[in-house]
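To start, the structure itself, in structure tokens.
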Amino acid sequence: MINKKIIVFLGPSLSLLRAQEILPVAHYLPPIKCGDLLRVLRLKPDIVAIIDGCFEKTAAIWHKEILFALENGVKVYGASSMGALRAAELTVFGMHGVGEIFDLYRTNKIIDDDEVAVLHASSKSNYLSLSDAMVNIRATLLKVVKQELIDQVSADAIINSAKSLPYSRRNLKNILQKVLPDKIEIILQNYVDQKQEDAISLLNLLQQDLKQNSLKQKNVSAERSIFFRALHNDVMCRPFHANDSWLPVNERALAEVRLFGETYRFLRRLAYIWSSINAIATSKKEETKNCPLAEFFDFNFNTEWQTKNDINTDDFKVFFSRFSQISKFLSWQKQFNEYNTLNYSDFLVSWMQLTGDYQNYKMDFDRFQANEPLRYNILHLSAVLWKAIDIEAARRNLVPQLNQVQAFANQFFSQRHLVTKEVMLDWLRLNDLDEKSFNALMTRLVRFRFLVMQLNLDVIGVFQDCDNVCFLLEVARLTNVYEIAKKMLFDNKFKRTIAEKYLQDKPVKNDSDAFSLDFFGGYDEFVEFLG
């Protein structure tokens with residue numbers, strides 16, 4: 001049997017227990033959402049099978065994600081539900097569809113997405129279907145018509161009635177009670193769960209694929225649009241939603257980092273910065289190749305550090321190459337004296353003013369580091385890299401317009417509930433800011449948000465490639481967050497202590513994006529863990 005890593009996205013179409021009986025060597029994840037396939041590429045799978053997917057409360061998986069996976073040499077299969085839909089649309093590019101539902105879509109016998117949609121329960125209830133899929137209703141009626149249990153006219157009436165309902169309200173029994181009450185029992189006895197049958201067919205096929213390399217890959221390329229690059233970058237700066245035991249330890253530890261609440265948001269922002277500075281430094285590779293490593297980085301990447309951070313020799317070489325390139329770029333920037341008017345400590349102060357830490361520590365960095373080491377490490381590294389990005393932007397004459405800065409400042413005050421002039425002035429006083437220094441801060445922030453958070457590096461001539469690198473993992477290692485998160489993973493008492501400290505006010509809820517994306521399917525479990 002060929003050793004292959006198989007990942008299956010599964011939900012209501014087939015029970016997890018039944019799937020594991022058919023294909024026990026596969027790893028199973030919940031229904032796929034936008035970005036999930038890109039995240040899975042960090043695990044370097046050989047085969048990805050898409051059965052179920054989400055589409056209503058979150059964006060559905062993009063076609064380009066699948067093309068990108070194919071480009072990376074991953075075999076992608078689809079069946080039953082979302083998988084059948086995407087396979088029918090992308091079969092010409094090399095995605096492999098399986099089953100009757102796939103064939104119906106591929107031949108345009110059905111075209112509507114709602115044909116496979118069902119209302120279902122949560123993961124805690126094993127995604128139990130709470131409505132009947134239209135494809136299952138069609139398959140059932142086709143069977144009973146062939147058996148001459150009902151005529152085609154009655155079948156069409158049932159189909160029309162079902163199709164007129166929203167997918168979430170399609171219940172075959174209820175429909176039959178209105179349209180054909182005298183045939184309820186006989187039709188339900190012949191119910192065909194086509195989605196389940198197709199899911200089983202796919203898993204059986206994968207079982208065969210383990211024994212032979214039967215599916216040939218097509219050469220395909222995914223266009224790197226700004227939207228795709230933004231999605232890819234966002235995914236590489238976030239953890240997996242669930243903390244499944246089969247995931248690598250480093251990915252499981254990253255899931256624990258969410259328990260740091262607001263500090264976690266700062267770490268995620270640092271991941272964006274690390275990704276951006278990596279792209280900028282890479283674009284300067286020829287100009288910086290003879291530069292020394294920047295001396296203000298104080299990292300000791302010895303064997304002990306590598307062991308504590310679960311990084312093997314090959315991965316460390318890749319990481320250190322990227323770190324070295326960034327470090328050389330920072331040394332190279334020193335020649336531009338006219339843009340080096342601010343020290344990195346000025347940018348650290350700016351972060352502290354924005355996060356509220358300045359009011360507690362002022363310029364006493366040593367006390368800040370002693371009392372809040374993780375927070376300090378994150379803001380310190382963020383400051384060093386923010387300065388470098390700001391210098392590069394200034395060199396390219398990227399200066400925000402006055403109305404942009406004013407609009408951002410208004411939003412800044414509004415988000416912090418600084419709604420009166422008296423309260424605004426009090427905030428400025430507590431942070432040792434006057435009108436001139438505040439405007440300078442807002443200008444730097446507008447430029448930072450535009451380049452880093454909104455991924456517009458193209459404006460300064462930098463193209464951000466789509467490397468399957470978990471930037472969040474790298475900055476977690478650089479700031480010592482990873483070591484603590486790993487301890488949380490294996491020590492529930494320690495985990496509770498950290499969670500109670502950082503989530504006592506659940507500050508992460510202030511960031512709606514973090515809540516909806518990072519805590520989807522996971523936040524309730526954390527709250528339950530805290531009791």
Side-chain angles (χ1 to χ4, degrees), residues 234 237-238 257-273 345-365 367-368 371-372 374-376 378-380 382-383 386 390 400-455 498-520 522-524 526-527 530:
D234 185 68
C237 295
R238 295 181 186 272
V257 174
R258 296 175 298 177
L259 283 174
F260 286 99
E262 190 177 37
T263 299
Y264 160 68
R265 289 202 296 124
F266 301 155
L267 184 73
R268 201 180 69 235
R269 182 179 60 198
L270 175 56
Y272 273 90
I273 300 172
S345 58
D346 296 314
F347 286 87
L348 176 56
V349 166
S350 293
W351 280 136
M352 292 172 65
Q353 289 166 334
L354 296 170
T355 61
D357 294 298
Y358 183 81
Q359 296 178 29
N360 296 324
Y361 298 104
K362 300 290 182 180
M363 299 286 288
D364 192 348
F365 301 139
R367 188 164 65 89
F368 181 25
N371 291 348
E372 299 283 351
L374 293 187
R375 203 174 175 104
Y376 173 85
I378 293 169
L379 296 187
H380 167 77
S382 296
W386 183 11
D390 200 66
Q401 295 180 359
L402 185 61
N403 64 331
Q404 293 175 316
V405 176
Q406 187 59 56
F408 184 84
N410 292 338
Q411 183 184 35
F412 177 88
F413 282 127
S414 176
Q415 288 177 340
R416 287 161 176 75
H417 305 293
L418 307 174
V419 292
T420 67
K421 184 176 181 180
E422 184 181 63
V423 175
M424 290 181 193
L425 291 174
D426 188 49
W427 184 89
L428 292 173
R429 180 183 57 79
L430 290 172
N431 286 282
D432 294 329
L433 288 165
D434 56 21
E435 183 178 355
K436 182 179 178 180
S437 58
F438 176 74
N439 287 335
L441 172 60
M442 291 295 103
T443 300
R444 293 197 301 274
L445 271 178
V446 170
R447 193 155 54 186
F448 171 82
R449 183 180 67 167
F450 178 74
L451 289 176
V452 177
M453 305 308 292
Q454 297 177 345
L455 202 68
I498 293 294
E500 288 175 344
K501 175 182 177 181
Y502 286 96
L503 283 185
Q504 55 185 341
D505 298 319
K506 301 181 179 60
V508 78
K509 282 192 174 183
N510 294 332
D511 183 340
S512 59
D513 290 336
F515 180 77
S516 62
L517 290 174
D518 289 338
F519 289 95
F520 187 90
Y523 187 77
D524 290 342
F526 285 141
V527 173
L530 291 174

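If you're wondering where the values come from, they're calculated on a predicted model, not measured in any experiment.
The minimum heavy-atom distance linking L259 with Y502 is given by the pair O-CB, 3.4 Å. Scanning both residues, H417 and V423, for their nearest heavy atoms gives O-CG1, 4.5 Å. Nearest heavy atoms, L354 versus L441: CD2-CD2, 4.4 Å. Closest of all the heavy-atom pairs between R449 and Q411 is NH1-OE1, 3.3 Å. T355 approaches R375 most closely through the heavy-atom pair O-NH2, 3.6 Å.
Here the side chain of R268 pairs no donor or acceptor atom with the backbone of R258 at under 3.5 angstrom. Remark: side-chain polar atoms of S437 are not paired, donor with acceptor, to backbone N or O of L433 under 3.5 angstrom. Side-chain atoms of Q404 come within 3.5 Å of backbone atoms of Q401 as a donor-acceptor pair (strictly under, hydrogens ignored). Checked by atom type and distance alone, the side chain of N431 pairs as donor or acceptor with a backbone atom of W427 at under 3.5 Å. Distance alone, capped at 3.5 Å, is enough to place a donor-acceptor pair between the N439 side chain and the E435 backbone.
The aromatic ring centroids of F365 and W351 lie 6.0 Å or more from each other. Annotation: F438 is in aromatic contact with F413 [ring centroid separation under 6.0 Å].
With no hydrogens or angles considered, no side-chain donor-acceptor pair links S382 and R269 at under 3.5 Å. Counted by atom type alone, Y358 and D432 present one or more donor-acceptor pairs between their side chains at under 3.5 Å.
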Item to complete: Determine, stepwise, if the pair L425 / K421 fulfils side chain to side chain contact (heavy atoms under 4.5 Å, CB included).
Response: CA-CA 6 Å; L425 291 174; K421 184 176 181 180; 4.0 Å; yes

